[in-house]
Amino acid sequence: MDLRNIAIIAHVDHGKTTLVDELLKQSGAFRENQKVAERAMDSDALERERGITIFAKPTSVEWKGTRINIVDTPGHADFGGEVERILSMVDGVVLLVDAAEGPMPQTKFVTSKALALGLRPIVVLNKVDKPDAEPDRALDEVFDLFANLGADEDQLDFPHLYASGRSGWADADLDGPRADLHALFNLVVNHVPAPRQLAHQDEPFTMLATTLGSDPYLGRILTGRVETGRLRSGATVQAISRIGQKIEQFRVTKIQAFRGLAQQEIDEAVAGDIVTLAGMAKATVADTICALAVEEPLAAQPIDPPTISVTFGINDSPLAGRDGKKVQSRVIRERLMKEAESNVAIKISDTAGGDAFEVAGRGELQMGVLIENMRREGFELSVSRPQVLLREENGQKLEPIEEATIDVDDEYSGAVIEKITGTRKGELVEMRPAGAGKTRIIAHVPSRGLIGYHGEFLTDTRGTGVLNRVFHGWAPYKGSIPGRRAGVLISMENGTSVAYALWNLEDRGKMFIGAQEAIYTGMIIGEHSRENDLEVNPLKGKKLTNVRASGTDEAVRLTTPITLSLEQAIAYINDDELVEVTPNAIRLRKRFLDPHERKRASKTVT
């Protein structure tokens with residue numbers, strides 16, 4: 001059977017996973033009466049809740065005698081470590097672009113990786129049936145993007161289709177029949193080259209491991225594309241690290257290939273196909289699985305370095321251990337090391353004390369997904385504010401710069417530009433009308449300046465703005481950037497919050513907690529209306545007397561408290577504050593709970 005390997009690239013919410021659903025349906029991968037969930041490729045619970053793809057997942061379809069292996073890639077740059085490895089397994093890419101929004105930052109990030117590998121793109125302009133779609137403008141922007149990314153002549157001469165993934169059609173002409181996706185299937189078969197590995201089937205077996213997983217019955221499993229040779233189930237192979245060190249020899253207990261959404265056991269893997277192997281004990285991502293006669297490892301794609309770090313520690317608050325069962329630093333360390341093994345974009349290091357760990361990664365969203373998964377597994381943690389990782393070259397301190405693409409209503413563009421280029425030290429690159437009363441702003445902003453900015457951005461744009469960001473490069477350090485301006489309200493008592501006390505404190509600021517919630521000394525219960533921190537007593541009840549007077553028994557009506565999501569909480573805190581994360585709660589607290597210790601620390605900082 002002929003073989004094609006492709007990856008689908010798209011920005012968040014441009015319809016990539018929905019299009020893959022239709023490709024599976026129209027290729028006959030499902031029975032007619034089979035019930036399939038919407039966005040079937042988003043199998044992880046967090047992916048379905050957030051509507052984003054986090055993990056790269058292969059699938060395969062058959063079309064007129066050709067098997068097409070399709071890899072659904074994450075659309076967010078924070079999960080770029082997944083994308084960089086996956087692209088080494090494919091021979092072509094389908095770039096999906098929203099016909100209204102055009103190519104966005106994450107599209108640019110992944111596309112630059114694909115073009116650098118020499119992959120030939122197919123451009124699909126999706127959602128052309130939307131009222132605000134401008135497919136011609138979007139197509140011109142894609143061509144300009146390719147030219148700016150250094151595409152060669154073959155890559156610039158890309159074919160394109162007009163499509164609606166939700167409606168299940170793709171046509172070469174905008175006014176085509178709009179019936180099905182046959183045009184896309186045929187274009188993939190005719191435009192994407194067959195794997196070059198097919199010509200190397202008689203050589204010794206080699207495969208580069210790109211993703212690591214686990215199975216309750218098979219144990220440790222590795223997925224990758226067979227580069228050369230053949231492999232039969234039961235054969236003995238070896239694992240070699242990327243630096244040439246021999247790790248282990250093992251017997252392959254099972255070989256599985258992707259058939260539709262499921263994996264099917266096969267007897268033999270051949271060069272060019274994407275398969276999953278079981279039987280190893282130590283081999284991991286970026287290792288070469290090969291025949292015993294092979295001496296040199298395959299070249300692995302370098303992974304972009306982390307740009308931020310977050311400190312994970314034990315939860316040492318008075319409420320520790322009430323919700324979660326996994327609270328010891330040893331257990332937290334084991335879980336983080338397991339994550340770093342499968343996710344090569346994350347780096348773990350121990351701190352001086354030994355009870356906290358520095359986790360370096362790509363961005364706040366990646367950290368948030370890791371913490372959310374851990375709390376659902378029963379962990380309790382304390383998490384610090386993200387810190388930007390700096391580097392030094394030729395005696396000059398450099399910091400990471402991100403390209404921020406912002407779509408706002410025209411009336412709010414002034415406020416956004418003032419914040420981005422003023423206090424947050426950004427540089428305006430481009431500003432142009434985006435149609436429908438909106439302005440598109442592109443700016444290069446230090447990563448430090450964007451930490452904690454999203455909430456302020458939504459306030460400035462009345463919730464209508466859209467901010468997308470992607471790593472751009474390194475630039476000289478731009479000096480200090482002010483953090484959060486407002487102070488916080490800190491509890492000075494342990495106990496359960498009282499409605500009457502919170503009602504009286506509403507004049508002081510906005511509350512993060514409601515009545516009858518457990519609190520403790522040093523816990524942050526709200527945001528102060530001024531710049532200084534203020535210690536308050538949320539337990540102070542109403543004085544009762546035996547004298548009845550008019551107005552003394554009026555009902556207490558509290559304003560609904562602000563509920564911060566995990567990412568919002570991490571971005572909100574200052575350097576002397578922590579986020580307490582448990583399976584059932586997200587709380588903010590001061591790093592030092594004792595008031596005297598907190599005052600001593602603030603004097604030292606001053």
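For the atom pair CD of Glu134 and CD of Glu141, the computed distance is 8.5 Å after rounding to the nearest 0.5 Å. One distance of note links CE of Met337 with CD1 of Ile332; it measures 12.5 Å at 0.5 Å rounding. Annotation: the span from Glu399 atom CD to Thr307 atom OG1 amounts to 11.5 Å, rounded to 0.5 Å. Expressed to the nearest 0.5 Å, how far CG of Leu566 lies from CE of Met367 amounts to 11.5 Å. Remark: Met280 CE to Arg251 CZ distance equals 13.0 Å, nearest 0.5 Å. Taking CG from Leu23 and OG1 from Thr59, the interatomic distance works out to 9.5 Å, rounded to the nearest 0.5 Å.
Looking at every heavy atom in both residues, Ala147 comes nearest to Leu156 through N-CD2, 3.8 Å. The heavy-atom pair separating Ala99 from Ala138 by the smallest distance is O-CB, 3.9 Å. Closest non-hydrogen pair, Ile255 versus Ser233, comes out as CD1-N, 3.5 Å. Of all the heavy atoms in Ile266 and Ala257, the pair that sits closest is CD1-CB, 3.8 Å. For the residue pair Thr351 and Glu358, the shortest heavy atom distance occurs at CG2-N, 4.1 Å. Closest of all the heavy-atom pairs between Arg220 and Lys282 is NH2-O, 3.6 Å.
You'll find the side chain of Val142 stays beyond 4.5 Å of the side chain of His160, heavy atoms only. A 4.5 Å side-chain heavy-atom check between Leu19 and Leu184 finds at least one atom pair inside the cut-off. By the 4.5 Å heavy-atom criterion applied to side chains, Ser167 and Asp129 are counted as neighbours. Side chains of Ile289 and Ile240 form no contact here, defined as non-hydrogen atoms less than 4.5 Å apart. When side chains are defined from C-beta on, Phe158 does not count as touching Leu95, because their heavy atoms never get closer than 4.5 Å. Between Val285 and Thr211, the closest side-chain pair of non-hydrogen atoms is not below 4.5 Å. Looking only at side-chain heavy atoms (C-beta outward), Leu125 and Val97 come within less than 4.5 Å of each other. Using a 4.5 Å cut-off on side-chain heavy atoms (C-beta onward), His200 and Glu203 make contact.
Looking at Gln249, its side chain never comes within 3.5 Å of a backbone N or O of Thr236 through a donor-acceptor pair. Gln238 places no side-chain N or O within donor-acceptor distance of the main-chain N or O of Phe250, the cut-off being under 3.5 Å. Under a 3.5 Å cut-off, the side chain of Asn373 and the backbone N or O of Val369 do form a donor-acceptor pair. Judged by distance alone, with hydrogens and angles left aside, the side-chain atoms of Asn126 form a donor-acceptor pair with the main-chain N or O of Gly165 at under 3.5 Å. A donor-acceptor contact shorter than 3.5 Å links the side chain of Asp171 to the backbone of Arg178. Side-chain atoms of Glu248 come within 3.5 Å of backbone N or O of Ala283 as a donor-acceptor pair. Within the 3.5 Å criterion, the main-chain N or O of Asp154 finds a donor-acceptor partner in the side chain of Asp152. With Ser164 contributing its side chain and Trp169 its backbone, the two residues share no donor-acceptor pair below 3.5 Å. Not a single donor-acceptor pair under 3.5 Å links the side chain of Gln26 to the backbone N or O of Asp180. Side chain of Arg137 to backbone of Ala100: a donor-acceptor contact under 3.5 angstrom is found.
Ion pairing between Glu372 and Arg376 holds under the 4.0 Å rule for side-chain N and carboxylate O. Between Asp91 and Arg225 there is a salt bridge, with a side-chain nitrogen of the basic residue lying less than 4.0 Å from a carboxylate oxygen of the acidic one. At a threshold of 4.0 Å, the pair Asp98-Lys130 counts as salt-bridged, since one of the basic side-chain nitrogens sits closer than that to a carboxylate oxygen. Note on Lys326 versus Glu377: no salt bridge recorded, every NZ/NE/NH1/NH2 to OD/OE distance being 4.0 Å or above.
The only member of Leu298, Val275, Leu231, Val237 that meets side chain to side chain contact (heavy atoms under 4.5 Å, CB included) when paired with Met207 is Val275. The side chain to side chain contact (heavy atoms under 4.5 Å, CB included) test with Ser60 is passed by exactly one of Asn69, Leu3, Val71: Asn69. With Glu62 as the fixed residue, the salt bridge (charged side-chain N to carboxylate O under 4.0 Å, His left out) test singles out one of Arg4, Arg67, Arg259: Arg67.
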_Could you walk me through whether Ile308 and Leu389 satisfy the side chain to side chain contact (heavy atoms under 4.5 Å, CB included) test, starting with their C-alpha distance in whole Å, then the side-chain angles of each, then the deciding distance to 0.1 Å, before giving a yes or no?_
CA-CA 5 Å; Ile308 69 162; Leu389 297 175; 5.7 Å; no
**Message:** Go through it in stages, so that I can follow the logic: the residues are Ser447 and Glu402, the test is side-chain hydrogen bond (donor to acceptor under 3.5 Å, both in side chains), and I'd like the CA-CA distance, side-chain angles, deciding distance and then a yes or no.
**Reply:** CA-CA 6 Å; Ser447 297; Glu402 300 193 33; 3.0 Å; yes
Next item on the list: Just do the side chain to side chain contact (heavy atoms under 4.5 Å, CB included) check on Arg196 and Glu227 with the steps written out, would you?
Entry: CA-CA 9 Å; Arg196 64 184 186 283; Glu227 295 293 325; 4.1 Å; yes
TODO: Show the numbers, then the answer: is there a side chain to side chain contact (heavy atoms under 4.5 Å, CB included) between Leu149 and Thr111?
DONE: CA-CA 8 Å; Leu149 295 176; Thr111 304; 4.1 Å; yes
Please walk me through it: do Phe258 and Ile274 pass side chain to side chain contact (heavy atoms under 4.5 Å, CB included)?
CA-CA 7 Å; Phe258 293 90; Ile274 298 173; 4.1 Å; yes
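Donor-acceptor pairing under 3.5 Å is recorded for the side chains of Gln201 and Arg230.
Asn190 CG: more than 12 foreign heavy atoms inside a 6.0 Å radius. More than 12 heavy-atom neighbours from other residues, nucleotides or ligands sit within 6.0 angstrom of CD on Glu430.
Classification of the Phe185-Trp63 ring pair by plane angle, with boundaries at 30° and 60°, yields parallel.
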